[in-house]
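So the structure is just underneath, and the comments pick up after that.
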Amino acid sequence: MATGRSVMRAVRVSEFGGPEVLKLLSDVLLPNPKENQVLIKVRACGVNPVETYIRSGTHERKPALPYTPGTDVAGVIEAVGAHVTVFKKGDRVFTNGTISGGYADYTVAAADTVFPLSDKLDFKQGAAIGIPYFTAYRALFQKGHAKPGETVLVHGASGGVGIAACQIARAYGLKVLGTAGTEEGMNIVLRNGAHKTFNHREAGYVDKIKEFSGVQGIDVIIEMLANVNLATDLQLLSPGGRVMIVGSRGPIEIYPRDTMMKESSIIGVSLFCATKSMHECQTALLAGVEAGWLKPVVGPEYPLEKVAKAHELLINSSGALGKMVLLI
Ligand SMILES: NC(=O)c1ccc[n+]([C@@H]2O[C@H](COP(=O)([O-])OP(=O)(O)OC[C@H]3O[C@@H](n4cnc5c(N)ncnc54)[C@H](OP(=O)(O)O)[C@@H]3O)[C@@H](O)[C@H]2O)c1
């Protein structure tokens with residue numbers, strides 16, 4: 001074994017259920033990298049809402065049990081498979097594609113889903129790139145066809161995907177409006193690309209957005225909570241405007257006629273469908289790191305031992321302030 005150890009700490013899920021099914025074990029076998037894979041010593045792992053849905057068993061994706069959650073890690077290369085030439089032991093890297101799970105001391109990933117971690121970013125920031133930034137890029141450009149000069153509303157801008165969307169949209173020349181549920185969240189959104197912020201917990205905030213965006217309206221809405229906002233989003237759009245459904249946690253009633261007068265589109269976004277266009281996302285995002293505008297904002301941090309608490313608080317947040325990460 002490359003590390004000189006055969007076992008490690010890892011969170012294991014042996015049955016679907018609440019946060020309590022996340023068990024930290026200390027005798028999990030170290031994964032072995034295959035020919036085109038690398039073994040990463042994990043330093044930080046992003047916690048994404050989808051990991052809570054999968055853990056609960058309510059998601060379409062159900063991994064075979066037992067499994068280790070987590071896809072977005074940053075760390076140091078520990079060992080490489082026989083065919084891997086682009087990385088060597090000791091390289092700082094991040095990935096959004098762990099194979100054996102990221103809530104662990106070590107994880108394996110296919111080398112082509114692993115990227116060098118710039119000196120400009122620490123491990124926590126590296127772990128905050130994966131799902132949030134790839135999703136934000138896909139929603140804005142690959143599905144939403146946003147263009148420089150257009151106006152985007154990031155509806156739920158204070159969390160992982162929202163801050164990513166604000167940074168990317170600003171860098172690409174859009175006019176950026178963002179919402180958060182707290183003053184502190186609004187300030188973070190303002191410092192990360194938004195020209196103007198609104199509080200989505202304040203009565204009448206939609207009217208304020210309407211007033212601010214004027215008769216032209218909003219070209220693209222990146223929606224984090226469609227089951228609450230979709231009906232009012234349709235009132236905010238410009239002619240030909242698009243609502244991108246990134247997040248939704250339940251049903252909502254809308255009036256389909258509301259899409260007719262402005263020929264509005266409601267478009268679903270799923271990173272799971274993005275396999276063929278990942279290269280474009282990767283290139284754009286790595287250029288953003290190099291240029292300096294891609295700077296993940298790290299929010300709550302928890303040690304691996306507190307993983308159940310982390311899952312509970314991610315879903316019952318009193319106000320997001322950036323991306324939640326586990327420290328390994
Ligand atoms: N489709 C995909 O491929 C994909 C990929 C990644 C994520 N997602 C989904 O996208 C959503 C956001 O993910 P995330 O990682 O950014 O989660 P997160 O870090 O937990 O952030 C959640 C965001 O939702 C905001 N929010 C809360 N109430 C809201 C409301 N009434 N209206 C609008 N926004 C509201 C929060 O704002 P405050 O806390 O400030 O109130 C926060 O900005 C989740 O539902 C997630 O499952 C989907």
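Both counts, for ligands and for their atoms, begin at 1 and track the order of listing. Bear in mind the structure is a predicted one, so any value in this text is a computation, not a measurement.
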Review point. Closest non-hydrogen protein atom to atom 33 (C) of ligand 1, residue and atom name please, with distance?
Key: Asn229 ND2, 3.3 Å

Review point. What is the nearest protein non-hydrogen atom to atom 31 (N) of ligand 1, stated with its residue, atom name and distance?
Key: Leu225 CD2, 3.6 Å

Check your understanding: Side chain or backbone of Thr135 under 4.0 Å from ligand 1, or both, or neither, by non-hydrogen atoms?
Key -> side chain

Exercise for review: Considering only NZ, NE, NH1 and NH2 on the basic side and carboxylate oxygens on the acidic side, decide whether Arg9 and Glu305 come within less than 4.0 Å.
Suggested key: yes

Practice item. For atom 22 (C) of ligand 1, find the nearest protein heavy atom and state the residue, atom name and distance (0.1 Å precision). Key: Gly159 CA, 4.7 Å

Review point. Is the closest N or O pair between Thr179 and ligand 1 shorter than 3.5 Å?
Key: no

Check your understanding: Judged by non-hydrogen atoms, does Ala180 sit under 4.0 Å from ligand 1?
Key -> yes

**Study point:** Ring geometry between Phe115 and Phe94 (parallel below 30°, tilted from 30 to 60°, perpendicular above 60°)
**Key:** tilted

Review point. Do any heavy atoms of Arg138 fall under 4.0 Å from ligand 1?
Key: no

Exercise for review: Assess Lys41 against Tyr106: is NZ or CZ under 6.0 Å from the centre of the six-membered ring, and within 45 degrees of the ring's axis?
Suggested key: yes

Practice item. Examine the proximity of ligand 1 to Phe272 and report which part, side chain or backbone, both or neither, has a heavy atom under 4.0 Å away. Key: neither

Study note, to complete from the structure: For atom 39 (O) of ligand 1, the closest protein heavy atom turns out to be Ala320 N, 2.7 Å

Revision key, fill the gap. Within the 4.0 Å heavy-atom cut-off, what Ile131 brings close to ligand 1 is side chain

Exercise for review: Among all protein heavy atoms, pick out the one at the shortest distance from atom 3 (O) of ligand 1; state its residue, atom name and that distance to 0.1 Å.
Suggested key: Leu271 N, 2.9 Å

Exercise for review: Measure the distances from the heavy atoms of Ser270 to every atom of ligand 1 and state whether one is below 4.0 angstrom.
Suggested key: yes

Exercise for review: Within a distance under 4.0 Å of any heavy atom of Gly160, pick out the atoms of ligand 1 and give their elements.
Suggested key: 16 (O), 19 (O)

Review point. Looking at ligand 1, does any of its N/O atoms fall within less than 3.5 Å of an N/O of His200?
Key: yes

Check your understanding: What protein heavy atom sits nearest atom 48 (C) of ligand 1, and how far away is it?
Key -> Val246 O, 2.9 Å

Exercise for review: May I ask you to identify the nearest protein heavy atom to atom 43 (O) of ligand 1, giving residue, atom name and distance to one decimal place in Å?
Suggested key: Ser158 OG, 2.8 Å

Exercise for review: Would you verify whether the NZ or CZ of Arg55 falls within 45 degrees of the ring axis of Phe16 while also being under 6.0 Å from that six-membered ring's centre?
Suggested key: no

Exercise for review: Establish, yes or no, whether the cationic atom of Arg92 lies under 6.0 Å from the six-membered ring centre of Phe123 and within 45° of the ring axis.
Suggested key: yes

Practice item. Considering only non-hydrogen protein atoms, determine which one is nearest to atom 16 (O) of ligand 1 and report residue, atom name and distance to 0.1 Å. Key: Val161 N, 2.9 Å

Review point. Backbone, side chain, both or neither: what part of Ala157 comes under 4.0 angstrom of ligand 1, heavy atoms only?
Key: backbone

Check your understanding: Where does Met324 meet ligand 1, judged by heavy-atom distances below 4.0 Å: at the side chain, the backbone, both, or neither?
Key -> neither

